Amino acid sequence: MMMPLRIRKVALTAHVTFSVGSLGAVACFLALALVGLNNPDPQTVQAVYTSMDLATRLVIVPLVLISLVTGLVQSLGTHWGLFRHYWVVLKLAVSVVVLTVLLMQMDLIASVADKSAKAALSTNELRQARISLAIHAAGGLLALLVPAALSVFKPRGLTRYGWRKQHQESASA
Amino acid sequence: MSQPPPEYPGMPRWVKVIGILAATLAVLALVIVLTGVGGPHGPGRHMKSGLAEPPPESVDP
């Protein structure tokens with residue numbers, strides 16, 4: 001179903017805002033993860049991991065989720081469709097993978113924040129977990145750049161379904 | 001009289017390249033996790049290298 005122009009513009013604005021917002025939020029998370037990894041001051045480390053936990057639950061997850069939902073609305077309510085163009089399918093797949101990995105990381109983030117709040121962490125404590133948080137944040141940031149680039153470049157290529165629908169529509173017109 | 005629809009031109013090259021890259025990355029990630037090259041994986045296992053939970057206080061009967 002095609003959305004009216006005004007609603008399409010509102011939906012597009014929401015999608016761009018939440019998508020770019022999630023990129024910025026993950027960039028902040030990565031900066032905090034790097035500070036937490038190398039800072040020798042236990043109070044700073046505690047503040048960093050508490051902030052990362054709060055930012056994940058209150059900002060990053062909602063932004064990524066709303067970005068995905070507004071993307072679905074945007075594709076289903078316009079001529080682009082959800083499975084007609086390869087770039088839309090790829091964008092959807094990357095967004096779903098990013099959200100899944102993010103949700104899987106939440107326990108680890110909460111756990112590190114909890115441990116750092118209970119006792120001062122030295123640079124070597126929970127080293128592996130803290131490195132993992134930084135690596136996953138960097139990977140998430142790179143992955144979120146893919147949908148952003150796809151939305152701008154919109155590389156050509158119809159899926160088989162999109163090809164069939166296009167010819168059905170042009171035949172009936 | 002309506003013309004039959006033209007033949008589907010096939011998947012574009014950029015999709016094939018990205019598909020191969022994604023499959024390679026997925027296999028690499030699987031190998032890293034299964035062989036343990038990247039260290040133990042999963043939140044529970046990360047905790048072993050760091051702080052241990054304090055033992056529960058013993059309660060006298």
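Every chain is numbered from 1 and lettered A, B, ... according to where its sequence line falls, protein lines coming before strand lines. All of these numbers come straight from a predicted model, not from anything done at the bench.
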**Q** Please list, in residue-number order, every residue in residues 10-20 of chain B that has a heavy atom less than 4.5 Å from any heavy atom of chain A; write 'none' if there are none.
**A** B:M11, B:P12, B:W14, B:V15, B:I18

**Q** If we only count heavy atoms from C-beta on, is the A:F153 to A:W87 side-chain gap below 4.5 Å?
**A** no

**Q** Give, as side chain, backbone, both or neither, the part of A:I135 having an atom under 4.5 angstrom from any heavy atom of chain B.
**A** neither

**Q** State, with a plain yes or no, whether a side-chain heavy atom of A:K91 is found less than 4.5 Å away from one of A:V146.
**A** no

**Q** Supply the atom-to-atom distance A:T50 OG1 to A:L32 CG, rounded to the nearest 0.5 angstrom.
**A** 10.5 Å

**Q** Quick one: pull up CG in A:L126 and OG in A:S111 and give me the separation to the nearest 0.5 Å.
**A** 7.5 Å

**Q** Please look at A:R156 and chain B and tell me whether the side chain, the backbone, both or neither of the residue comes under 4.5 angstrom of a heavy atom of that chain.
**A** backbone

**Q** Answer yes or no: is there a side-chain heavy-atom contact under 4.5 Å between A:R57 and A:L54?
**A** yes

**Q** State the OG-NE2 distance between A:S67 and A:H15, to the nearest 0.5 angstrom.
**A** 5.0 Å

**Q** Could you have a look at A:R160, A:H167, A:R164, A:Q168 and say which one has the most heavy-atom pairs with chain B under 4.5 angstrom?
**A** A:R160

**Q** Compare all side-chain heavy atoms of A:L133 with those of A:Y49 and state whether any distance is below 4.5 angstrom.
**A** yes

